[in-house]
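Reading through the structure tokens given below for one structure.
Worth knowing before you read on, the calculation uses all heavy atoms, side chains too, and leaves out hydrogens, waters and symmetry mates. Residue numbering restarts at 1 for every chain, and letters A, B, ... go by the order of the sequence lines.
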Amino acid sequence: MPKNFDFKEAEQRLYKQWEDGGWFKPEVASPDAEPFVISMPPPNITGSLHAGHAMFCSLEDVMVRYERMRGKAALWVPGTDHASIATQLILERKLKEEGLSRRDIGREKFLERAWAWKAESGGRITEQIRRLGSSCDWSRERFTMDEGLSEAVLDVFVTLHRQGLVYRGPRLVNWSPGLQTAVSDVEVERTEEVGKLYFFRYPVEGGEYIPVATTRPETILGDTAVCVHPEDPRYQHLIGKTAYVPLLNRPIPVIADEYVDREFGTGALKITPAHDFNDWTLGQAHKLAIVNIMNKDATLNENAGAYAGLDRFEARKRVWADMDAAGLTIEVKDHPMIVPRAQRGGEVIEPLLSEQWFVRMQPLAEKAMAAVRDGRIKFVPERFEKVFFHWMENIEDWCISRQLWWGHRIPAWHHPSGEIRVGKAAPEGEGWTADEDVLDTWFSSGLWPFSTLGWPSPTADLGRYYPTHIMETGYDILFFWVARMIMFGLWLTDEAPFHTVYLHGLVRDKSGRKMSKTYGNVIDPVDLMDKYGADPLRFTLLTSSTPGNDINLDESRIESDWKFVNKLWQITNFVTSGLPDDFAPALPPASRLDLPSRWVLSALNKLTANAQRLFDNHQYGEAGRQVRAFLWDEFADWYIEASKYALYGEDAQAKADTQQVLFHVLETCVRLLHPFMPFVTEEIWAYLPARNGLLIVAQWPTSDAAYLDDKAEAEMDVLRELIRGVRNLRLEYTVEPGKKVNAAVAAGSYRESIAAHGFLFSRLCNVAEVTLVEAAPDESASVTVGDVVLYLPLAGLIDYRAEVERLEKEQAALAPRIAKSESMLGNEGFVSRAKPEVVQREREALAEMQASFRKNAERVDELKAKIR
RNA sequence: GGGCGCUUAGCUCAGCUGGUCAGAGCGCACGGUUCACAUCCGUGAGGUCAGGGGUUCGAGCCCCUUAGCGCCCA
């Protein structure tokens, strides 16, 4: 095999091999295999790959590849979203560059451009998703505006309308003046900003004034009442009197309502039902007049009198100036306030009275909550259930119409008579015109898990692959998307669309800041893949995250995982290079194997069992970390080094057995790592002998209890500690690294083991010969592990005083640990209530520490005697 | 105002069911050209697991509370 893994060449080739070979299709499993299905959160066609995409692709691919290896009919359905607002924003920006607006070119031409743009750039994101190694079934790729999905969307609208759940009406909605469309509650972001609070006098009949404060003086022109608390002595006598709207002199009532907070501001409120959500509610309760003063472009209309035609912010200045001139102003204060801004575009949202389509959410939410309550749907991590319930319990009707062109056109028809009919086709008769509006993007993505499988047609895919299994996505779209899928799924298909919602966190920069173009801290996953390959990026994203928590992406970790890829490659090179041409994998029984082999196989099988448990609990990151640690710190650093004795030795059987073990461990780890690092593992797989087929469909490893061996692990631990001790001594006494030394061991209870494994010392710490002794040789330094004392004779190098000091330091560290252990074991509560194996383990640990302490103490005495 | 998360080595983060869980990577110090790998190997320094209280035989891990940071909802 080549000296290094050339990811640039291999990634493309392997992905093509997988995709062209149809290995991403669920049909590669046996026909009766249990299905496992994930719907990919469809990226916007406007987008290019960002860290969030890389995150979900990595996670979902781990899930899918794992289940595929377990023999399931694994299906990951990919697709893209038309992203109504985001796409339209981009297209309008492009038009603007040409000096045009969408109205200049008209709806038809605009949509042509939109489709052209989709054709041109919709493929870019899917190419980038491929680069990550995502094993999704592209033959089932969908787009939210595909014919089938569009039909589904219209059907749902019609159905919900028939069920009385879709209605139309004038309501106060969140209006985006720049985009000229309504948006839903979840599309409004509330930002804390320092604004101004304007205090002024509201004239009341009889020459009195009520002081009132507002953050938006222009809305004064639309006031239809002044409201005070019914028990407020300051204003009680004015209740029921008539106030006059400043500048317009329009008479309005002074009303009373307990809603007013007497402590806040002046304790009196101006009420503008047409331009404020709270005021709207209050206005409904008091049957107040509704005066709309604003046009859809946020200029004021004829109801604003002299201010008609002015932009809202310009009007604000003028109104205030004129009121000041009229002597009605009191003061202006800086005021921290919550400003509603559009999620797309960021402009200030205006509450505006408008005719829109809504979905009545209450009935849908009930079903959704029931499904989560009774466990048909679970959240990982669980805490998001609380967030989900809180939102569901307070759910508002969903404004689904958008005054945009790019999207699913609402299947409603308007007649000059004012009649409105809902249906996919135009009603019979003359004069019907189609509704101008399109649906909220999230209306179609809410159907995604089933619409992508053919619903509402009873397709084979729908039957076999729905409901899906895990919905994996970012917690930031819990309300936008996940909640809607759950509601729609239950309502329309009578099934929970998935049984598990796995939510990942946001990917931030290394210091925890949100990535943004303005900060210039955006980490482009494509750059990282160019530099390190897809595997290290995936592995880093997967292993540095835990469910639901944000991750701060540090490039140094990707670099480190790039090194891990190389390490794996080099391990493979070592393991395979020595294998005979006719090598046939056949792991010998544990009874025939040497100690290092029994140890490493025991550790391997524990690892496999752990990985299984962790995958079962969606702890993918921890599983990946453990495999990496085992492979590098145990297998490469210890077993491989130890194996060289047998490999280069005379004993043919031992050599063959060792090769079997090396191969088995590597091969198992490659399987375990495949979901995390698909490219390098698949490439390695091709270099392993006697393999049939591709790793992508190889079997996921299971733990074999026959190879679990606590005794071997304990023995190896002692040997490893002794070896570490020797390495340490050699450095402390600056023994030349190349120089061979001898060791004498008072082997205590490990006599046989040490006698038999002198070769390990030779290989791992350059000790030529290990002899068993009873007493300490002259001029030697020692290392103690339990009742084993290893002496390193270092003639001429030993400073007895320094050696005593070193040992006493060790004793000082040991003493408190012994004391703690003794007190634990002396504690009746611990001995009687802790699990027996825990007590047993503690006893053994204490015995070992005590032995070490005793041996060290003896040694110190000996040395002290020599000093005198 | 309600809710949630985070606070563990200089930095970025793990720590699953409470009992070798005090860890990793990077960084740092020191030492290494022997036949898998310098994209490497070895050794080491460094943390009263934010503060306080509690439950428990035993607590980074559970409960309460305080503080700081962040997020969501209103």
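Comparing A:Arg625 and A:Ala834, the nucleotide of RNA chain B nearest to each residue sits closer to the 5' end for A:Arg625. Both A:Asn4 and A:Met824 lie near RNA chain B, and the one whose nearest nucleotide falls closer to the 5' end is A:Met824.
Note on A:Ile640: a base of the nucleic acid sits closer than 4.0 angstrom, heavy atoms only. Nucleic acid contact for A:Phe384: none, since no nucleic acid atom lies under 4.0 Å from a heavy atom of the residue. No engagement by A:Asn394 is indicated, since no non-hydrogen atom pair under 4.0 Å with the nucleic acid exists. Among the heavy atoms of the strands lying under 4.0 Å from A:Tyr648 are primed sugar atoms or P, OP1, OP2 only; no base atom is included. Within 4.0 Å of A:Ala636, counting heavy atoms only, lies at least one base atom of the nucleic acid.
Here the side chain of A:Ile338 is nearest to one of B:C71, B:A74, B:C72, namely B:A74. For A:Asn566, counting side-chain heavy atoms from C-beta on, the closest listed nucleotide (B:G25, B:C16, B:U39) is B:U39. Among the nucleotides B:A36, B:A74, B:C26, the one closest to the side chain of A:Lys567 is B:A36. The side chain of A:Arg190 lies closest to B:A74, out of B:G15, B:U43, B:A74. Distance from the side chain of A:Val838 is smallest to B:G19 among B:U12, B:C40, B:G19. For A:Pro737, counting side-chain heavy atoms from C-beta on, the closest listed nucleotide (B:G31, B:A36, B:G15) is B:G31. If you check B:A38, B:U39, B:U43 against the side chain of A:Trp562, the one that comes closest is B:U39. Looking at the side chain of A:Glu622, the nearest of the listed nucleotides B:U20, B:A14, B:C41 is B:A14. Proximity note for A:Lys563 (side chain, C-beta onward) versus B:A14, B:G44, B:C40: the nearest is B:C40. Distance from the side chain of A:Leu614 is smallest to B:C16 among B:C16, B:U12, B:C41.
Using the Watson-Crick or G-U wobble rule with both distances under 3.5 Å, B:U17 pairs with nothing in any strand shown. Within the shown strands, B:C4 is the pairing partner of B:G70 under the Watson-Crick or G-U definition, both distances less than 3.5 Å. B:A22 is unpaired under the Watson-Crick or G-U wobble criterion, no partner having all donor-acceptor distances under 3.5 Å. Partner assigned to B:U43 is B:A29, using Watson-Crick or G-U wobble distances below 3.5 angstrom. Nucleotide B:C49 forms a pair with no other nucleotide shown, judged by Watson-Crick or G-U wobble geometry with both contacts under 3.5 Å.
Applying the 4.0 Å criterion to OP1 and OP2 of B:U43, one finds that A:Arg730 has every side-chain N and O outside that range. Phosphate contact (OP1/OP2 of B:G25, side-chain N/O of A:Arg557, threshold under 4.0 Å): absent. Taking side-chain N and O atoms only, A:Thr546 has a distance below 4.0 Å to OP1 or OP2 of B:A14. Between B:G44 and A:Asn728, a contact under 4.0 Å exists linking OP1 or OP2 to a side-chain N or O. The phosphate of B:C41 (OP1 or OP2) has a side-chain N or O of A:Trp632 nearer than 4.0 angstrom. OP1 or OP2 of B:A36 has not a single side-chain nitrogen or oxygen of A:Tyr639 nearer than 4.0 Å.
With respect to A:Trp569, the ring-ring contact (aromatic ring centres under 6.0 Å, His included) criterion is satisfied by exactly one of A:Phe564, A:Trp562, A:Phe5, A:Phe574: A:Phe5.
Rounded to whole Å, the separation between the C1' atoms of B:A36 and B:C16 comes to 33 Å. Taking the C1' atoms as reference points, B:C21 lies 13 Å from B:G47, given to the whole Å. The same atom, C1', is picked in B:U66 and in B:U7; the two are 13 Å apart, to the nearest Å. For the P atoms, the distance from B:A50 to B:A14 is 14 Å, rounded to whole Å. Rounded to whole Å, the C1' atom of B:A9 lies 12 Å from the corresponding atom of B:C28. Taking atom P in both B:C4 and B:U65, one finds a spacing of 11 Å when rounded to whole Å. Comparing B:U34 with B:C41, their C1' atoms are spaced 12 Å from each other, to the whole Å. Taking atom C1' on both B:G68 and B:G31, the two are 43 Å apart, rounded to the nearest angstrom.
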Practice item. Given ring pair (Phe, Tyr, Trp, His ring centres under 6.0 Å), test A:Phe379 with A:Phe384 step by step and report yes or no. Key: CA-CA 6 Å; A:Phe379 282 77; A:Phe384 284 106; 7.5 Å; no
Practice item. In sequence, state the C-alpha distance, the side-chain angles, and the governing distance for A:Leu197 and A:Met337, and then conclude on side-chain contact (heavy atoms from CB on, under 4.5 Å). Key: CA-CA 9 Å; A:Leu197 192 56; A:Met337 52 189 282; over 6 Å; no
Review point. Step by step, would you call A:Arg843 with A:Val831 a side-chain contact (heavy atoms from CB on, under 4.5 Å)?
Key: CA-CA 10 Å; A:Arg843 288 214 169 95; A:Val831 178; 3.8 Å; yes
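B:C37 has no stacking from A:Trp569 on its base ring, since the centres under 5.5 angstrom apart and planes within 30 degrees of parallel are not both found.
Glycosidic conformation, B:G54: anti, with the torsion outside 90° of 0.
A:Glu187 and A:Ser184 share a donor-acceptor pair across their side chains, judged by distance under 3.5 Å alone. Under the 3.5 Å distance criterion, with hydrogens and angles disregarded, a donor-acceptor pair is assigned to the side chains of A:Glu842 and A:Ser821.
Summarising the geometry, the separation between CD on A:Glu559 and P on B:A38 is reported as 15 Å, rounded to the nearest angstrom. To the nearest angstrom, C1' of B:G19 lies 6 Å from CZ of A:Phe830. Between A:Glu641 atom CD and B:C40 atom P there is a gap of 15 Å when expressed in whole angstrom units. One interatomic measurement links the two molecules: NZ of A:Lys835 to C1' of B:U56, which rounds to 14 Å at whole-angstrom precision. The distance from atom CD of A:Glu842 to atom C1' of B:U20 is 8 Å, rounded to the nearest whole Å. One atom, CG of A:Leu503, and another, P of B:C72, lie 15 Å apart when rounded to the nearest Å. Between the C1' atom of B:A14 and the CZ atom of A:Phe539 lies a distance of 12 Å, rounded to the nearest Å. Residue A:Glu192 contributes atom CD, which lies 13 Å from atom C1' of B:G1 at whole-angstrom precision.
In summary, A:Arg724 and A:Glu721 do not engage in a salt bridge, as defined by a charged side-chain N under 4.0 Å from a carboxylate O. With respect to A:Lys809 and A:Glu805, no salt bridge is recorded, no charged nitrogen being found less than 4.0 Å from a carboxylate O. Salt bridge status for A:Arg613 with A:Glu622: absent, with no side-chain N to carboxylate O gap under 4.0 Å.
Looking at A:Lys386, its side chain has no donor and acceptor atom pair within 3.5 Å of the base of B:C4.
Across all their heavy atoms, A:Thr608 and A:Thr702 have their closest contact at CG2-C, 3.5 Å.
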